[in-house]
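Because only heavy atoms are used, hydrogens play no part in the values below, and waters and symmetry mates are left out as well, while side chains stay in.
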Amino acid sequence: MTTVGETRDDILAVLDRLGVDASVLSGGDIGARSPIDGAEAGRVKALSAADVDALVRQAHAAHLEWRAVPAPRRGELVRLLGEELRAVRTDLGRLVTLEAGKILSEGLGEVQEMIDICDFAVGLSRQLYGLTIATERPGHRLMETWHPLGVCGVISAFNFPVAVWSWNAALALVCGNSVIWKPSEKTPLTAIAVQAAFDRAAARFGANSPHGTPAGLSILAQGHADVGQALVDHPLVALVSATGSTRMGRAVAPRLAARFARAILELGGNNAAIVAPSADLELAVRGIAFAAMGTAGQRCTTLRRLIVHEAVADRLLDRLASAYRSVKIGDPREAGTLVGPLIDKASYEAMQKALAAAKDAGGTVIGGERVDVGSPDAYYVRPALVTLLDQAGPMLEETFAPILYVVRYRDLDQAIALQNGVAQGLASSIFTTDMREAETFISPAGSDCGIANVNLGPSGAEIGGAFGGEKETGGGREAGSDSWKAYMRRATNTINYSTALPLAQGVKFDIG
C-alpha cells in the first residue's frame, strides 16, 4: 500500500484556491487535523460561550431586516450561493476529503448535495404556500399564512461537514431567517470555506439589490461544546437543528423544551437491511457493500445490521466476505480507494471494543484489523463482517465504524421485528423481488424508520425527500418535501368583510 504523505501542503493549496487566507490556521485552539495522515495543519480560533450573545443579537437584527425582503428575492441570494458552490465544487470536495477522510467521489458528492438543495430552495422561494379554508360564517374568509421564524442555529457533525449546514441554511434563508452555524471541532476548515462562499454570494446579492444583504445573516461560530450550549440556551434562537449522537440529543432536547424553542434533531441510526429469498443477490451485494463500507462506516445512514433469510444466507455471505477481503483501503485521494480513514483514534478504539464484545457473544468476525499506511496517527481499518446467532449485545448499539452484523431469519414477520427491535429509527431497506414483501415492508406494519427503501441500501440520498428518523433518532426532518415548515411559524387568519358578526358554532352573545 502507498504510504500516506503529508497533507498540510495540499490543505494550504486548496484553501488558497477557495479564497481562504492561510492565517486562519494560526493562533487558535481548535486543531485542524487531517485523518489521512493524522497530522495537524494548524489551529483555528475558537469562540467562547461569552461571545455567543453578541452574535445572536447580530443575527436577530439581520432577521428583522431579511423577513421584510420578498421570498423570491431571498431565493436569489440562495441561487447565487449555488453558483458560488458550483465554481468551487472540485476544491471544496477535496477539502472535505482532506478534513473528513471521505474518498474523492464522496467529497464531491457532498458538495453536489449542497448545490442541489440550493436549487430546491430557489424554487421553494416561490412556493411557500398557505391555505384558504372553507368557513361556516358568511362574509368571512379563513386562511393560513406562514411567516419567518427568527434566528436558526445549526450544530453539525464531522461526517457531513458541509451538506447538513446547507440543508438547513438554504431553507432557513428563503423562509426569511438568519443562521448561526456551530460546526464540528473536527472539521473547522470546510466550514470556513463555505462561509467564504456565502460571503461572496452575499456581496453579489447586495451589489445588485435595493434590499442589500443584512450583516449577520449567516454567522460562523467555531468553538467547543460550550458554544453549542450557549446557542441552545439563548432566548433569541428560535430553532436549533442539531446533528450528532443520541447522547447529545438527550442533552439538547430538554434545554430547548425548557424555553419552548423548536428542535430538529438528527441523532443515531442503527440501520438494517433485510435480504429476502427472492432478492437479486448481485444487486444486494453491491448495495450492501456501499451502504456498510462507504465513508468508512461513518454515515448516520450506514448499514450496520443485515437480516438475511436462511435460504440465501450462505451464498450472500460468501460474496460479501470476498468483497470485504478485497476492498481497497487507503489514502482517499488515490484512484481506486473505496475506504478511507476513521476520523480519529477514539473511533478506532470504539470499533475494537465493539468487535471484542461481539466475539465474547460468540460472533464470528471477518476483518476489523488496523491497516498500516505508514502513519502512526492515522487510523485505517478493514471493514468488519460479524456473524451472530441472535440480535444482541453490540448489535443493539450504534458504533460509528464499518461493522456489519449479520443474523438469519425464517419469515418476514420475524425479520421486520428484528429490523424494528432497536432504539433508533433512522433508515432501513429490504432487498426483494416479491411485491407483497416490498409493500408490507413500507406499510404501517413494516419498518418503523423515517426512511424505508426497497432494493437499495438505507440511504436518504436525494434532497427532494425529507430526511430524518423516529424514536432515538430524534424525529426531526431536514432537506426536501415540506421540511420548510419547520423554519416558519403558522398563523391562522379570519377576515370578516361583512357588516354582521356571526360567532362560530352557533354561539350567541347579544349585548343589545
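Side-chain atoms of I103 and T97, non-hydrogen and from C-beta on, never get closer than 4.5 Å to each other. Contact annotation: the side chain of L173 never approaches that of R74 to less than 4.5 Å [non-hydrogen atoms, C-beta and beyond]. Within the 4.5 Å cutoff, no side-chain heavy atoms of K45 are placed close to those of D29. Using a 4.5 Å heavy-atom cutoff, the side chains of R489 and W146 are not in contact. Counting heavy atoms from C-beta on, the side chains of V122 and V174 never come closer than 4.5 Å. Between L342 and F400, every side-chain heavy-atom pair lies at or beyond the 4.5 Å cut-off. In this structure, the side chains of W66 and L217 come closer than 4.5 Å at one or more pairs of heavy atoms. Side-chain atoms of E472 and V422, non-hydrogen and from C-beta on, never get closer than 4.5 Å to each other.
In terms of heavy atoms, A291 sits closest to P458 at CB-CD, 3.8 Å. Of all non-hydrogen atoms in G82 and I115, the two that sit nearest each other are O-CG1, 4.3 Å. Residue V365 comes nearest to K359 through the heavy atom pair CG2-CG, 3.8 Å, listed as atom of the first residue, atom of the second, then distance. Pairing each heavy atom of L388 with each of G363, the nearest pair is CD2-CA, 3.5 Å. Taking every heavy atom of both residues into account, S178 and H63 meet most closely at OG-CB, 3.7 Å. Contact detail for F120 and A479: the closest heavy-atom pair is CE2-O, 4.3 Å.
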Compile the donor-acceptor pairs under 3.5 Å between side chains in residues 153-166 and protein atoms, sequence neighbours left out, one pair per line.
from	atom 1	to	atom 2	distance (Å)
S156	OG	W181	NE1	2.8
N159	ND2	Q298	O	3.1
S166	OG	A163	O	2.6

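Between the side chains of Y487 and N168, at least one donor N or O lies within less than 3.5 Å of an accepting N or O. Side chains of S375 and D377: a donor-acceptor N/O pair is absent below 3.5 angstrom, by distance only. For S48 and D51, the side-chain atoms include at least one donor-acceptor pair closer than 3.5 Å. T190 and E99 are linked by a side-chain donor-acceptor pair at a separation below 3.5 angstrom, with hydrogens and angles left out of the test. Between the side chains of E266 and S241, not a single donor N or O lies within less than 3.5 Å of an accepting N or O.
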Subject >> Residue pair L85, C118: steps toward the side chain to side chain contact (heavy atoms under 4.5 Å, CB included) verdict >> reply: CA-CA 9 Å; L85 292 171; C118 286; 4.1 Å; yes
**OP:** Show the numbers, then the answer: is there a side chain to side chain contact (heavy atoms under 4.5 Å, CB included) between L18 and L95?
**Re:** CA-CA 9 Å; L18 289 167; L95 188 58; 3.8 Å; yes
**OP:** Show your reasoning for whether side chain to side chain contact (heavy atoms under 4.5 Å, CB included) applies to I30 and R43.
**Re:** CA-CA 5 Å; I30 295 178; R43 301 191 73 77; 6.0 Å; no
Original post:
Yes or no on side-chain hydrogen bond (donor to acceptor under 3.5 Å, both in side chains) for D10 and T7, after CA distance, side-chain angles and deciding distance?
Top reply: CA-CA 5 Å; D10 199 350; T7 59; over 6 Å; no
Subject >> Derivation and outcome, side chain to side chain contact (heavy atoms under 4.5 Å, CB included), residues R304 and L404 >> reply: CA-CA 5 Å; R304 308 199 183 281; L404 180 61; 5.6 Å; no
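For the pair T399 (side chain) and M351 (backbone), a donor-acceptor distance under 3.5 Å is absent. Between the side chain of R305 and the backbone N or O of A273 there is no donor-acceptor pair closer than 3.5 Å. Formation of a donor-acceptor pair under 3.5 Å by the R477 side chain with backbone atoms of G450 is not found in this model. Judged by distance alone, the side chain of S34 and the main-chain N or O of I36 form a donor-acceptor pair under 3.5 Å.
Crowding of E462 atom CD: a count of heavy atoms from other residues, nucleotides or ligands under 6.0 Å not exceeding 12. For NZ of K485, the number of neighbouring non-hydrogen atoms (other residues, nucleotides, ligands) closer than 6.0 Å is greater than 12. Annotation for R86: atom CZ counts as buried by contact number, over 12 foreign heavy atoms lying within 6.0 Å.
Atom CG of L92 and atom CG of L189 lie 11.0 Å apart (nearest 0.5 Å). For the atom pair CE (M114) and CG (D116), the distance works out to 11.0 Å, reported to the nearest 0.5 Å. A distance of 8.0 Å separates NE2 of H224 from NZ of K182, quoted to the nearest 0.5 Å. For the atom pair CD of E84 and CZ of R79, the computed distance is 10.5 Å after rounding to the nearest 0.5 Å. Here CD of Q424 is found 6.0 Å from CD of E398. Values are rounded to the nearest 0.5 Å. Atom-to-atom distance recorded for L338:CG and K328:NZ is 8.5 Å, nearest 0.5 angstrom.
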